[in-house]
Amino acid sequence: MSTARAVALECLVSGEKQGAWSDGYLKKAIRQTGLSGRDAGLCTQIVYGSLQNKLLLDWYIDRYSSVPTEKMESAVRNTLRLGLYQLLFLDRVPVHAAVNESVTLVKTKSRNPRAAGLVNAVLRTIDKERGFGLPEPEELSIRFSHPAWLVKEFSDTLPADELEALLAADNAPAPIVAQVNTLKTSPAALTAELTAAGVAVSPHPWLPDCLELAETGSLEELAAFRDGKFYIQDAAAKLAILAAAPKPGMCVLDACAAPGGKSFAAAIAMEGTGEICANDIHPHKKKLIEAGAARLGATNIKTGIMDAKRFDPAMENAFDLVIADVPCSGLGIIRKKPDIRYKDPEPIKGLPQVQRAILETVSRYVRPGGTLLYSTCTLLRRENEDVVAGFLTGHRDYALEKFVLPGPIGAAEGMLTLWPHRHGTDGFFITKLRKRG
């Protein structure tokens, strides 16, 4: 059976070599290797921690290594990151365990006979220097491990006194948020059931029918999950549906629906009535939505394959509500996908063109008097406010519509950005538009 550190190293190396997303690869690897309990928890923590602090870890390694990190074999570089993260951030891991396990690991994973000596020397030197106070980098980019271009993007939008708070929030763990399926149960009943199963449960501080979970183990193995009594979805995505305000009996289109969370929230808000067309361009994602809807008992969800950029005359003026949660850079969910910050920024520059094309097309599917919801999980203005402003310039038949959300959110004048450091949610953008009658 693989060890927690070995699985963690495989995850990081695969991310570098194959472009694998850490969250998906990690879940699959933990399941396949049989890690459970404490080992699975350690593996997850050191993978996420190493990615969240990668630029900072490399900064320290480069100061104390005779070989620059960029020149190292991937297995050596990532073994050092894992070991150093444990030394600097995990008090409960003894120094000898962090160092010795790293040396043992690199002996089995590296082709370089000198790698073990390098790893041992760097980790022990940094540990020794801790006693005299390690230097701290001045650059926010290094301190919080966000590429300089991304720090600049955020600084152009946020007040200076909030920038560090956002970067720190990106490196903090995201809560596990469960949306209660009120078609099958109530928050009180689900809390009691999950508590009896050993899960730590607390009500969300301000979002109704929403719970925060801890000590869950494998969610898929919980009877309440298998029975469809809840689904996992961040508060931000649920807030988007609250802004859209679907009503029982409506005809709704979720144009980019995968993995289905917003369709599920709409189905519950509609009390299982009406019809939701949950469409996506990818056939394999259609199956995921169908499986989720079946588990939740959301019988008013129908799935389909659809390219949201291509106009379908059969759907013109056909829907009371159209949800367009468009493809985006994903830079609002860094705390859940820590490696997304390191992706090449060039490809995302073309996203606004795709987003505008989708918005332009699906706006024709809204009946007169109906609602169009545009949302993203990014914090970049060019994918959010700029796309909506451009759309409104060319569409006088649409106007922003005010909405009110619970808790600290309150009223919004048609457009709203949710920030991790302000609201404790994913970074998310919501726009509600009304088509004139």
Side-chain angles (χ1 to χ4, degrees), residues 2-36 38-58 61 69-70 72-86 88-90 93 98 101-102 105-106 109 141 144-147 150 167-177 216-220 232-234 258-259 285 288 327-345 347-348 377-379 420 426-427:
S2 299
T3 67
R5 291 176 177 86
V7 174
L9 180 59
E10 290 170 11
C11 182
L12 295 183
V13 170
S14 294
E16 283 193 348
K17 290 185 175 181
Q18 304 168 22
W21 289 109
S22 59
D23 59 334
Y25 186 94
L26 187 59
K27 290 175 184 176
K28 182 179 178 181
I30 287 174
R31 184 172 62 251
Q32 290 180 341
T33 55
L35 291 184
S36 60
R38 183 176 299 176
D39 282 344
L42 175 62
C43 180
T44 301
Q45 186 172 17
I46 62 178
V47 166
Y48 273 63
S50 296
L51 289 169
Q52 287 165 341
N53 297 280
K54 185 172 77 171
L55 300 185
L56 177 63
L57 297 173
D58 286 0
I61 293 167
T69 51
E70 63 182 17
M72 294 177 184
E73 178 189 352
S74 181
V76 178
R77 179 170 53 245
N78 284 295
T79 297
L80 274 169
R81 288 169 178 161
L82 289 166
L84 185 54
Y85 172 73
Q86 293 169 72
L88 298 183
F89 292 93
L90 298 187
V93 176
E101 291 287 344
S102 296
L105 185 59
V106 82
K109 299 297 183 180
S141 172
F144 293 101
S145 290
H146 284 62
L150 186 53
L167 301 180
D170 278 348
N171 288 346
I176 301 173
V177 180
T216 61
S218 173
L219 283 167
E220 289 80 3
I232 300 299
Q233 182 187 53
D234 189 78
K285 292 185 177 181
L288 288 175
C328 70
S329 57
L331 295 171
I333 55 172
I334 288 176
R335 59 183 189 165
K336 291 178 178 173
K337 286 192 171 185
D339 40 352
I340 203 168
R341 72 187 89 181
Y342 305 119
K343 298 298 182 180
D344 183 357
I348 70 174
C377 57
T378 189
L379 297 169
D426 285 344

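Not one N or O on the side chain of Y48 forms a donor-acceptor pair closer than 3.5 Å with the backbone of P173. At least one donor-acceptor pair closer than 3.5 Å links the side chain of S141 to the backbone N or O of H146. Distance alone, capped at 3.5 Å, is enough to place a donor-acceptor pair between the R77 side chain and the T69 backbone.
Between L12 atom CG and T79 atom OG1 the span is 9.0 Å, to the nearest 0.5 Å. Taking OG of S50 as the start and CD of Q45 as the end, the distance is 10.0 Å to the nearest 0.5 Å. Atom-to-atom distance recorded for L56:CG and Y85:OH is 11.5 Å, nearest 0.5 angstrom. Residue I61 holds its CD1 atom at 5.5 Å from CG of L84, rounded to the nearest 0.5 Å. To the nearest 0.5 Å, atoms CG (D23) and SG (C11) are separated by 8.5 Å. Once rounded to the nearest 0.5 Å, the distance linking CD1 of I334 with CG of L379 reads 7.5 Å.
Contact between G83 and A98 at its shortest, heavy atoms only, is O-CB, 4.1 Å. Among all heavy-atom pairs drawn from R341 and Q52, the shortest one is NH1-O, 3.3 Å. L55 and P147 get closest at one heavy-atom pair: CD1-N, 4.0 Å. Summarising the geometry of S74 relative to K17, their closest heavy-atom pair is CB-CE, 4.0 Å, with the distance given to 0.1 Å. When all heavy atoms are compared, the tightest approach of S145 to K54 is OG-N, 3.3 Å. Of all heavy-atom pairs between R5 and L82, the closest is O-CD1, 4.2 Å.
With N78 as reference, E16 is the one residue of K109, E10, E16 to meet the side-chain hydrogen bond (donor to acceptor under 3.5 Å, both in side chains) rule.
The number of heavy atoms from other shown groups lying within 6.0 Å of NZ (K336) is above 12.
Contact check for M72 versus L80: side-chain heavy atoms found under the 4.5 Å cut-off. The shortest side-chain heavy-atom distance between N171 and F144 falls under the 4.5 Å cut-off. Side-chain contact between V7 and L35 is present, with heavy atoms from C-beta onward closer than 4.5 Å. When side chains are defined from C-beta on, D426 does not count as touching C377, because their heavy atoms never get closer than 4.5 Å. Taking the side chain as every heavy atom from C-beta outward, L331 and I348 approach each other to under 4.5 Å. F89 has its side chain within reach of L57: a pair of non-hydrogen atoms, C-beta onward, lies under 4.5 Å apart.
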